[in-house]
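Step one of this worksheet: look at the structure below.
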Amino acid sequence: MENFGLLMDGFGIALTPMHIMLMVAGVLLGLVVGVLPGLGAPNGVSLLIPLTFSMDPVSAIILLASMYWGALFGGSTTSILFNIPGEPSSVATTFDGYPLARSGQSTRALTFAFVSAGIGALIGVVVITLLSSWAARFALRFGAPEYFAVYFLAFCAFVGMGSASPLKTVVSLGLGLLLSTVGMDTVTGSLRLTFGIDALLSGISFLVVVIGLFGIGELLATVQDGLKFRGVSSRIDPRDVFRTICEMPRYITTIVRSSLVGIWMGITPGGPTAASFMSYGLARQWSKPGAKFGSGRPEGIIAPETADHSAGTCAMLPMLALGVPSSATAAVMMGGLMIWGLTPGPMLFTTKPDFVWGLIASMYVSNIVGVFLVLLTVPFFAALLRIPFTIIGPIIVAICFVGAYTVANSTSDLWLVLIFGAVGFIFNKLEFPLAPLVLAMVLGSKAEESFHQSMIVSDGSLGVFFSNFLVGTIMTIALALLIVPQAMKLFSHFRRSERVDPAA
């Protein structure tokens with residue numbers, strides 16, 4: 001009930017004419033970001049952050065969060081109409097969404113996607129509403145050792161639970177931690193990894209890195225793949241929308257199961273992409289006899305979209321309550337909060353309740369706004385995608401460079417964008433995950449500071465990380481997440497080898 005009262009106060013903040021206009025603008029910008037290949041939610045949010053410096057934090061975070069929801073919706077649009085996932089988390093939607101649209105049922109496919117996405121997002125916001133105060137109160141018990149244990153848990157969870165190779169995830173995390181140490185050490189005051197370059201004295205901006213990795217890197221990959229648009233009819237028939245909405249209760253089991261998957265993968269570092277694929281796999285496994293998946297099954301659209309949006313929404317909970325982002329976009333948003341002088345964590349709920357609950361209330365409104373806006377704007381964005389990529393590509397490049405330059409008005413940042421664009425392209429081709437790199441860049445300095453403080457308190461003894469029940473439990477869970485999945489993989493490998501070995 002306490003949270004309900006705070007939420008009502010949040011609606012009083014969110015439902016002002018200015019904030020509603022920001023929600024609409026954010027969702028529309030997000031739709032553009034999600035529709036255009038080569039952009040994406042992390043890059044779109046990072047490009048928008050410099051434009052929010054003159055805004056108050058509540059308005060700024062509402063604009064950024066609304067853009068995030070819009071980007072998720074936009075990725076679904078291109079997945080279904082053009083078989084082009086605008087977001088990595090929308091890949092699973094193409095498996096059944098595009099075949100259903102190609103069969104002349106594009107309105108039905110889009111409605112399944114948008115309604116289930118809206119339901120998944122609203123369920124995720126309800127979870128945040130119910131758990132945020134509890135998570136914040138729990139986090140008040142944390143000191144330096146506990147915070148380092150939480151950061152260590154986030155790193156271990158990415159390695160143990162991520163969909164990429166553990167070794168590749170470790171490499172990505174290591175590079176992010178290395179980049180976070182560039183510049184002046186906040187504890188000793190010494191300069192590190194600057195190589196005599198004055199531009200590196202203040203460190204490397206994570207915004208510049210994100211723009212390069214997700215903007216230029218994805219664009220290079222798109223160019224190499226020889227992107228071609230193959231669209232289908234994008235006209236929306238209101239009668240088909242209504243009939244499809246009436247069909248949704250048939251798939252309540254799929255919606256509930258996918259929402260639970262999304263909630264779990266959003267709170268943990270699994271992320272929306274892993275949630276959408278896992279949910280699609282479960283839907284196929286639990287499906288009733290009928291048309292094959294991949295030929296236009298409604299469950300093949302509802303499952304990944306519900307999980308995708310519930311995971312994307314729930315990723316905000318650990319970022320706000322613990323200061324630990326569980327997705328690349330949440331990490332970028334957390335960086336924005338720190339730029340505005342706000343420190344994510346339990347004290348944020350105490351010192352800035354209007355900010356936290358205004359944001360949570362805006363999530364309810366902006367997701368509902370998103371469902372209606374995306375249905376209205378589908379024909380426009382479908383027409384936008386028919387513009388030759390030779391025109392869209394240079395526009396995206398210009399947007400990326402302008403966004404990078406506005407971070408610090410430094411020409412050296414433009415070279416860094418190019419460098420990290422090449423890194424992003426190479427990482428994509430070698431299937432190295434990018435989210436751990438961004439996470440490590442954002443959390444690296446905080447983890448290092450917590451480690452230093454812990455060592456000072458304990459006179460250099462690592463035993464401080466097992467000195468009480470709370471920190472010991474967190475460290476044990478982190479080590480278990482790191483070791484147990486790898487041990488299970490080795491065990492399964494040996495079992496398969498014994499079955500194949502004819503001498504066994």
Side-chain angles (χ1 to χ4, degrees), residues 1-31 41 44-45 48-73 118 121-137 139-140 266 309-310 312-323 325 329-330 332-373:
M1 293 304 295
E2 175 192 358
N3 284 8
F4 181 77
L6 293 169
L7 181 63
M8 292 300 102
D9 293 338
F11 276 115
I13 296 169
L15 293 177
T16 63
M18 173 59 71
H19 287 159
I20 292 175
M21 288 175 58
L22 288 175
M23 289 179 208
V24 173
V27 169
L28 289 174
L29 286 171
L31 288 172
V45 171
L48 197 60
I49 285 179
L51 303 180
T52 64
F53 289 163
S54 61
M55 300 170 63
D56 69 274
V58 176
S59 300
I61 196 66
I62 286 176
L63 178 61
L64 295 180
S66 298
M67 173 183 249
Y68 180 32
W69 316 138
L72 293 176
F73 282 116
L122 288 175
I123 291 174
V125 182
V126 170
V127 170
I128 292 177
T129 304
L130 295 176
L131 297 183
S132 56
S133 291
W134 173 84
R137 283 195 298 269
L140 286 172
H309 284 248
S310 60
T313 305
C314 286
M316 301 291 284
L317 176 59
M319 187 271 282
L320 289 172
L322 300 174
T329 308
V332 175
M333 287 189 182
M334 178 174 164
L337 297 186
M338 295 167 69
I339 290 172
W340 302 325
L342 300 175
T343 302
M347 294 305 297
L348 189 64
F349 285 75
T350 303
T351 59
K352 296 288 184 180
D354 55 336
F355 171 84
V356 174
W357 290 100
L359 168 62
I360 294 174
S362 75
M363 293 181 187
Y364 286 95
V365 182
S366 58
N367 275 293
I368 294 172
V369 168
V371 173
F372 287 102
L373 281 181

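Since the structure is predicted, the reported quantities are computational estimates derived from the model, not experimental observations. Heads up: numbering here begins at 1 and tracks the sequence.
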- Task: For Met55 and Ala60, work out which heavy atoms get closest and say how close.
- Result: CE-N, 3.9 Å
- Measure the spacing between OG1 of Thr313 and CE of Met363 and express it to the nearest 0.5 Å. 7.0 Å
- Query: Is there any side-chain hydrogen bond (donor to acceptor under 3.5 Å, both in side chains) pair reaching into residues 10-19, and which pairs are they, with sequence neighbours excluded?
  - Reply: Thr16-His19, His19-Ser59
- Note on the structure: NE2 (His309) and CG (Asn367) are apart, to the nearest 0.5 Å, by 8.0 Å
- Given side chains that start at C-beta, do those of Phe355 and Ile61 come closer than 4.5 Å, heavy atoms only? yes
- Ser66 and Ser366: which non-hydrogen atoms are nearest, and at how many Å? OG-CB, 3.5 Å
- Query: How close do Val125 and Ile360 get, heavy atom to heavy atom, and via which atoms?
  - Reply: CG1-O, 3.8 Å
- Between CE on residue Met67 and CD1 on residue Ile62, distance to nearest 0.5 Å: 15.0 Å
- Note on the structure: Output for pair (Leu320 CG, Lys352 NZ), nearest 0.5 Å, gives 14.5 Å
- Note on the structure: Residues passing the ring pair (Phe, Tyr, Trp, His ring centres under 6.0 Å) test with Phe11, sequence neighbours excluded, are Tyr364
- Where is the tightest heavy-atom contact between Leu359 and Ala65, given as atom of each residue plus distance? CD1-CB, 3.9 Å
- Message: Could you go through Val24 and Val369, starting from their C-alpha distance and side-chain angles, then the distance that decides it, and tell me whether this counts as side-chain contact (heavy atoms from CB on, under 4.5 Å)?
- Response: CA-CA 7 Å; Val24 173; Val369 168; 4.1 Å; yes
- Note on the structure: Of all heavy-atom pairs linking Ala14 and Gly358, the shortest is CB-O, 3.8 Å
